Every structure is written in structure tokens, then in C-alpha cells.
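To start, the structure under review is shown below, and the notes come after it.
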Amino acid sequence: MSDESRPSPPAAPAAARTAAVIPAAGRGVRLGPGAPKALRALSGTPMLIHAVRALAASRAVSLVVVVAPPDGAAEVRSLLDAYALPERTDFLVVPGGQTRQESVKLGLDALPSGHDIVLVHDAARPLVPVDTVDAVIEAVRDGAPAVVPALPLADTVKQVEPARAPGEPEPVVATPERALLRAVQTPQGFDRATLVRAHETVTGEVTDDAGMVEQLGLTVVAVPGHEEAFKVTRPLDLVLAEAVLARRRLNDGF
Ligand code: CTP
Ligand code: MG
């Protein structure tokens with residue numbers, strides 16, 4: 001892939017260096033009791049290490065900033081030292097915050113200068129293929145201020161009037177046209193200055209970083225996501241993740 005031969009848009013030139021911020025500070029309440037989610041093992045290796053390797057597998061990524069559980073920065077640093085990671089990539093660890101949004105902001109604050117493209121990637125998406133990472137970076141290089149990997153939905157989605165008590169029937173209010181909906185994954189990619197501005201100016205609850213850029217009135221574009229970039233959220237997702245890893249081992253022949 002000769003990215004160098006592409007015409008370079010002024011905002012994020014082809015030579016722009018890419019940094020990845022990996023929020024990994026969540027507890028993983030929906031996964032059930034145990035260690036913080038990012039530190040739980042998949043095939044014997046912590047989920048976070050899978051996620052770091054997945055991002056560092058892109059040749060464009062020269063720095064990975066891991067946002068660790070607030071009391072777990074030292075443990076994460078020793079994990080990064082213990083597992084083999086690419087020589088060409090630098091690593092930084094910072095302690096995270098109470099919300100994902102805060103954790104991403106703390107990661108952004110720690111970024112040194114010299115990286116004009118920033119990816120934000122959930123540690124809870126350990127199996128994202130490198131082709132997806134590269135497709136996001138390429139769309140930012142092509143001039144988009146914000147890029148999300150996204151997939152069409154399998155399920156029809158209903159908007160409801162949320163129940164006042166758990167388990168109560170919920171009146172359905174609307175059925176958005178499924179063909180127009182996408183499920184959004186990470187890594188999400190940004191022109192760095194745009195993402196920093198979004199985190200400095202947008203307040204209120206958001207569930208993804210691109211949503212903050214939308215609130216600035218800028219265009220966010222979606223590129224094809226990948227089914228292996230699913231988020232490990234509930235116990236069944238661990239079963240799926242192990243199965244994906246087993247299939248990869250078979251395909252790799254070891
Ligand atoms: N995250 C974070 N800081 C927080 C909360 C979440 O860095 N205060 C990170 C998680 O570690 C995860 C990503 O944001 O990699 C996506 O969040 P989610 O899947 O919701 O993870 P958790 O918040 O850990 O899980 P749960 O909501 O079930 O507790
Ligand atoms: Mg959460």
C-alpha cells in the first residue's frame with residue numbers, strides 16, 4: 001500500500017504521524033465480577049495487550065497512549081514491558097477517569113506534539129483487524145476531520161418510552177429505517193486539533209468521540225467496520241472472542 005503516493009490534503013498530510021489513545025480504565029461491570037475488563041485474559045493474554053498489538057500493527061501508528069484504570073497504571077506499565085510489542089512504536093501510560101469521556105481527555109492531554117492524526121480505540125475491542133485501522137487512518141489522511149468504522153445492523157431497532165421499573169413493558173414510539181442505521185465501532189480517527197477542540201468545548205453525555213465532533217457542526221464519515229471489531233461487553237462476548245482467536249490460530253497454522 002503506497003500511502004506516500006496519494007495527494008496530501010492540507011489538514012492531515014500523508015506524512016502525518018498517527019497516535020492511538022486506548023481508553024482502558026473501565027471496570028467492566030456488565031462482564032461481571034473480576035479484574036478490570038481490560039486486564040482480563042483472552043487466550044492467556046490480557047485484553048488490553050491484544051488491543052495495543054492490534055493498533056500497533058498499523059505501520060502508521062508510532063505512539064500508543066494507554067489510559068489505565070486509575071489505580072492500575074503501574075500494573076499496565078509492567079504488562080506493556082512484559083509482552084512483545086513492535087520496536088517502531090512508543091508507549092505511554094496515564095491513569096484514567098470516572099467516565100470514558102474523561103479517560104479519553106486524559107489520554108489526549110498526554111499526547112506529545114508531532115502527531116497530527118489521533119485514533120481513539122476501546123481496549124474492549126481487542127480483535128480489530130489492522131485493515132480496519134488502516135482504512136480509518138486513510139480516510140483521515142484523505143481530509144475527513146472525523147472517521148468511524150461502522151456496520152449495518154442485523155436487528156431492527158425500536159425507539160421506546162423507557163420503562164420506569166426494570167422488566168415493565170415499554171411502549172414503542174418509532175421504528176427508524178434500518179437501512180439508514182449503522183452500528184459504530186472503534187478505532188475512530190480524527191484530525192488531532194479537531195478532536196482536542198471537541199473535548200475542550202463539548203459538554204454533556206456522549207457515548208463516542210465522533211459524536212462530540214458532530215456537535216461542533218463538522219462532518220463525520222463512516223467507513224466499513226469489521227465484525228471482529230465487536231466490543232467485549234457481556235460474558236457471551238468472551239466466548240465469541242475466544243472462538244475468533246481459535247479460528248485465527250487454525251488459519252495461521254499454529
Ligand atoms: N473506559 C475508560 N474509562 C472509564 C470507562 C470506560 O477508559 N471511566 C473504557 C473501557 O475501559 C473500555 C471503553 O472505555 O475500553 C469502552 O467502555 P465499555 O465497553 O463501557 O467498558 P466498561 O466501562 O469497562 O464496561 P461497563 O460499562 O460494563 O462497566
Ligand atoms: Mg462503560
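Just so it is clear, the model here is predicted, and its values are computed rather than measured. Just follow the structure's listing: the first ligand is 1, and inside any ligand the first atom is 1.
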Cluster link [X] to [Y], ILVMFWY, side chain under 4.5 Å:
{"X": "V184", "Y": "V21", "answer": "yes"}
{"X": "V118", "Y": "L106", "answer": "no"}
{"X": "Y83", "Y": "F91", "answer": "yes"}

> With S43, which residues qualify under side-chain hydrogen bond (donor to acceptor under 3.5 Å, both in side chains), at least two apart?
Replying inline: E242, R249

> Can you list the residues that meet the salt bridge (Lys or Arg N to Asp or Glu O under 4.0 Å) rule with R125, with sequence neighbours excluded?
Replying inline: D122

>> Going by the rule salt bridge (Lys or Arg N to Asp or Glu O under 4.0 Å), which residues pair with D71 if we only count those two or more places apart in sequence or in a different chain?
In response: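 None.
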
> Considering only heavy atoms, which protein residues lie less than 4.0 Å from any atom of ligand 1?
Replying inline: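 Close residues (ligand 1, cut-off 4.0 Å): P23, A24, A25, G26, R27, G28, V29, R30, K37, G97, Q98, T99, R100, S103, D122, A123, A124, K231.
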
